[in-house]
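Here's the structure we're looking at; comments come further down.
Atom set for the values below is all heavy atoms of this structure, side chains included, hydrogens, waters and symmetry mates excluded. Chain identifiers are assigned alphabetically (A, B, ...) following the order of the sequence lines, protein sequences preceding nucleic acid strands; residue numbering begins at 1 within each chain.
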Amino acid sequence: MNTVRTRIAPSPTGQDLHIGNAYTALINYVFAKKYGGEFVIRIEDTDKTRFVEGSEERILASLAWLGLRHAEGPDIGGPFNPYRQSERLEVYKKYAEELIEKGHAYYCFCTSDRLAAMRKDQEANHEAPMYDGRCRELKTQSSKLNAQKEPCVIRLRVPDEGVTVFHDEIRGDISFENKLIDDQVLLKSDGYPTYHLGVVVDDHLMKISHIIRGEEWISSTPKHVLLYQFFGWKPPLFAHMPLLRNPDKSKLSKRKNPVWVGDYINKGFLPEAILNYLATMAWMHPDGKEIFSVLEMVGAFNLLAIQTTAPIFDIEKLRWMNGEYLRKTQSSKLKVQIFDFYNGKYDQNLIERTIPLVIERMKTLAEYRSLAEFFFIRPEEFERPVDKKLVGIASKALESTEWNHDAMEAAIRLETEKAGMKAKDVFMELRVAITGKTVGPPLLESLEILGKEDTLIRLSLAK
RNA sequence: GCCCUCGUCGUCUAGCGGCCUAGGACAACGGGUUUUCAGCCCGUGAAUCAGGGGUUCGAAUCCCCUCGAGGGUACCA
């Protein structure tokens, strides 16, 4: 078997790596690893109008954050440089012209106005919107000359007859009638290739063995297959992943869901949890396990077992899984993650001491703040006013006790009993006075960390 | 409209002709542990397997049709 080489080909047209790209990246990565192959990144920056400055850097950074390491890419180079399509324009031009020579493509001089009008008519007549082929029969020689001075594109000449079939590794054979396939533009008038020319040429040149991409590409795959045929190249294997969806079942979009990996980083999710969750969207561990690492996935992975139905992305379940990972993380490591998440705002040693008290209550790193901020800063706001009398009881009990859980508890219960009050109420009052909130980590253990002096000051300040 | 893909609890799924009066997880709800909230443990409800026809002794599982959902239909990817 030839070397397995997979790739993801993101476009720098959004603010960051799309979570759907992270999902296909994961599968491509795992598949490559499974067979000891390479996972590469190619940037498809062929749409100048949608280009977003800094997008590529953030995409690469998010991939690195997730731990999906690539063997070749625009940042680290590789044997098939360059890995940015905008730097490969000559290559596409050459191959597009080769297709013209072979009669499988032609120059098209139609203006976008004409094309728009044409489509409008077709729509009115209930016809499929397709290029009408006006430039199809232009003489190649004269077209070639005109192409020097007039803006034009190069279109694929799709056969009028026949059927194009391809095999999808997870869905089986899929066929399309050629007469329904449009004469796709391959090279735009600005000299940039369209996606279709770009992918085929680069995947071939970069020796990509398996194309694992989103389901939205199924309908354009026959165009790609035709291109492989016309070039006389051996096509790679195709596999189309089910699309991630919004709760309303439409394709996952930023209107309805956080879609950027950066959004998830900011919400305090862990990369391991995101990857694990994404994995379960498309694939099930043969043992039925829900929590598993990328490494475990590599061992048990099977492309054929990829799901065919498009899953709805459920943030609640991701949150649950993230909580599971949080609890699995060693506190020495977690302390650094929390420290970094809050940009060093909280003292690391103190963070570490508070972790056992809050970890069971957290689903994301972002929840640490509301749970534990009182350890670092005296509360300025109180969820509700405190009862002076009850606080007084707690205060009196704590003033003269040893500073450990059992002694504190005994003292408070004793003092409460003397006053004829309920211990439960005093504990709650104490909690609000110390933390400003009615819910939080275990009280007495928190006081142990806070220390007697600070506790008593807080009690005297509470109102 | 046309083309393509898909269709098991609210969600993610197990299931590959009898083990299914359909199992698990998240979510929901109830209970226990408890000074709060979590966590943990126990339990409850939740899918006439989209619908209809076949095939078969027997179908969630195979075939056909219908319906539904999604994707595509750009000089965007």
note = Sorted by chain and residue number, the side chain to side chain donor-acceptor pair (under 3.5 Å) partners of A:Y368 (sequence neighbours excluded) come out as A:T354
Side chain proximity check, A:I154 to A:Y92, heavy atoms < 4.5 angstrom = no
message = Could you tell me how far apart A:D287 (CG) and B:A25 (C1') are, to the nearest whole angstrom?
response = 15 Å
task = For A:N276 and B:C26, give me the distance from atom CG to atom C1', rounded to whole Å.
result = 13 Å
task = Take A:E98 and A:K94, measure what salt bridge (Lys or Arg N to Asp or Glu O under 4.0 Å) needs, and give me the verdict at the end.
result = CA-CA 6 Å; A:E98 178 185 326; A:K94 176 186 146 209; 5.8 Å; no
message = Using the ring centroid of each side chain, check whether A:F238 and A:W217 are separated by less than 6.0 Å.
response = no
remark   = Residues at least two apart in sequence or cross-chain that pass ring-ring contact (aromatic ring centres under 6.0 Å, His included) with A:Y228, listed by chain then number, are none
request  = Begin from the C-alpha positions of A:W260 and A:H18 and carry the test ring pair (Phe, Tyr, Trp, His ring centres under 6.0 Å) through to its verdict.
outcome  = CA-CA 5 Å; A:W260 309 118; A:H18 189 103; 5.7 Å; yes
query = In whole Å, what separates the C1' atom of B:C62 from that of B:C16?
reply = 10 Å
request  = Could you give the distance separating B:C9 and B:A50 at their P atoms, to the nearest angstrom?
outcome  = 7 Å
task = Not counting sequence neighbours, which residues clear ring-ring contact (aromatic ring centres under 6.0 Å, His included) with A:H204? List them please.
result = A:W233
Counterpart base for B:C49, defined by Watson-Crick or G-U wobble contacts under 3.5 Å = none
task = Summarise protein proximity over nucleotides 34-40 of chain B in one line of letters, 5' to 3': B for base, S for sugar-phosphate only, - for none, counting protein heavy atoms closer than 4.0 Å.
result = -BBBBSS
task = Please identify each residue that fulfils ring-ring contact (aromatic ring centres under 6.0 Å, His included) with A:H70, with sequence neighbours left out.
result = none
inquiry  = In whole Å, measure the gap between the P atoms of B:A14 and B:G31 for me.
reply    = 34 Å
query = If only atom types and distance count, is the side chain of A:T401 paired as donor or acceptor with the main-chain N or O of A:L398 below 3.5 Å?
reply = no
query = Within the structure shown, what part of the strands sits under 4.0 Å from A:Q307 by heavy-atom distance: base, sugar-phosphate, or nothing?
reply = sugar-phosphate
query = Without hydrogens or angle criteria, can the side chains of A:S370 and A:R361 be said to hold a donor-acceptor pair below 3.5 Å?
reply = no
key: Counterpart base for B:A60, defined by Watson-Crick or G-U wobble contacts under 3.5 Å   = none
ask   = Taking protein heavy atoms under 4.0 Å as touching, what does nucleotides 65-77 of chain B look like 5' to 3' if B marks base contact, S marks sugar-phosphate-only contact and - marks none?
value = ----SSBSSSBBB
request  = With sequence neighbours excluded, tell me which residues meet side chain to side chain donor-acceptor pair (under 3.5 Å) with A:K424.
outcome  = none
key: side chain to side chain contact (heavy atoms under 4.5 Å, CB included) partners of A:L180, counting only residues at least two apart   = A:E177
inquiry  = With a 3.5 Å limit on both atom pairs, tell me what B:C2 is paired to, counting Watson-Crick and G-U wobble, or say none.
reply    = B:G72
task = Calculate the interatomic distance between A:K317 atom NZ and B:C26 atom C1'; express it in whole Å.
result = 4 Å
inquiry  = Work out how far the P atom of B:G70 is from that of B:U8, and round it to whole angstrom.
reply    = 14 Å
ask   = Between A:I312 (CD1) and B:C26 (C1'), how many Å, whole number?
value = 13 Å
note = Result for 5'-nearest mapping on RNA chain B, choosing between A:E127 and A:P311, is A:E127
Cut-off 3.5 Å, no hydrogens considered: what does the side-chain donor-acceptor table look like for residues 6-13 of chain A, sequence neighbours left out?
unit_1	atom_1	unit_2	atom_2	d
A:T6	OG1	A:N28	O	2.9
A:R7	NH1	A:D203	OD1	3.1
A:R7	NH1	A:D203	OD2	2.4
A:S11	OG	A:E44	O	3.0

query = Quantified in whole Å, what is the C1' atom distance between nucleotide B:C42 and nucleotide B:G54?
reply = 46 Å
Under 3.5 Å, side-chain donor or acceptor atoms of residues 123-134 of chain A against the rest of the protein: list the pairs with distances, not counting sequence neighbours.
unit_1	atom_1	unit_2	atom_2	d
A:N125	ND2	A:D121	O	3.3
A:Y131	OH	A:R134	N	3.4
A:Y131	OH	A:C135	N	2.9
A:D132	OD1	A:R114	NH2	2.8
A:D132	OD1	A:R134	N	3.2
A:D132	OD2	A:R114	NH1	3.3
A:D132	OD2	A:R114	NH2	3.0

request  = Give one of base, sugar-phosphate or nothing for A:M281, where a contact means two heavy atoms less than 4.0 Å apart.
outcome  = sugar-phosphate
task = Starting from P on B:A25, measure out to CG on A:N322 and report it in whole angstrom.
result = 20 Å
query = Tell me: CE of A:M284 to C1' of B:G24, nearest whole Å?
reply = 7 Å
message = Taking the P atom in each of B:G7 and B:U13, what is the distance between them to the nearest angstrom?
response = 10 Å
Distances for protein N or O near nucleotides 43-48 of chain B N or O, under 3.5 Å:
none

remark   = Under a 4.0 Å heavy-atom cutoff, the residues of residues 164-175 of chain A touching RNA chain B are A:R171, A:I174, A:S175
note = For B:C9, the nucleotide meeting Watson-Crick or G-U wobble distances (both under 3.5 Å) is none
inquiry  = In whole Å, measure the gap between the P atoms of B:G53 and B:G15 for me.
reply    = 28 Å
request  = Evaluate the criterion salt bridge (Lys or Arg N to Asp or Glu O under 4.0 Å) for residue pair A:D45 and A:R84; output intermediate values, then yes/no.
outcome  = CA-CA 7 Å; A:D45 53 347; A:R84 230 177 327 252; 5.0 Å; no
inquiry  = Can you tell me the base-pairing partner of B:U21? Count Watson-Crick or G-U wobble geometry only, both distances below 3.5 Å, and say none if there is no partner.
reply    = none
task = Evaluate salt bridge (Lys or Arg N to Asp or Glu O under 4.0 Å) for A:R50 paired with A:D47, printing each intermediate quantity in order.
result = CA-CA 6 Å; A:R50 292 202 307 155; A:D47 186 348; 3.2 Å; yes
Nearest listed nucleotide, side chain of A:T308, among B:C2, B:C26, B:C6 = B:C6
request  = Report the distance from atom OH of A:Y23 to atom P of B:C12, rounded to the nearest whole Å.
outcome  = 11 Å
task = Could you please name the partner base of B:G43, counting Watson-Crick and G-U wobble pairs only when both distances are under 3.5 Å?
result = B:C29
key: P spacing across the pair B:C67 / B:A25, given as an integer number of angstrom   = 38 Å
message = Whole angstroms only, please: what is the CZ-C1' distance between A:R213 and B:U5?
response = 14 Å
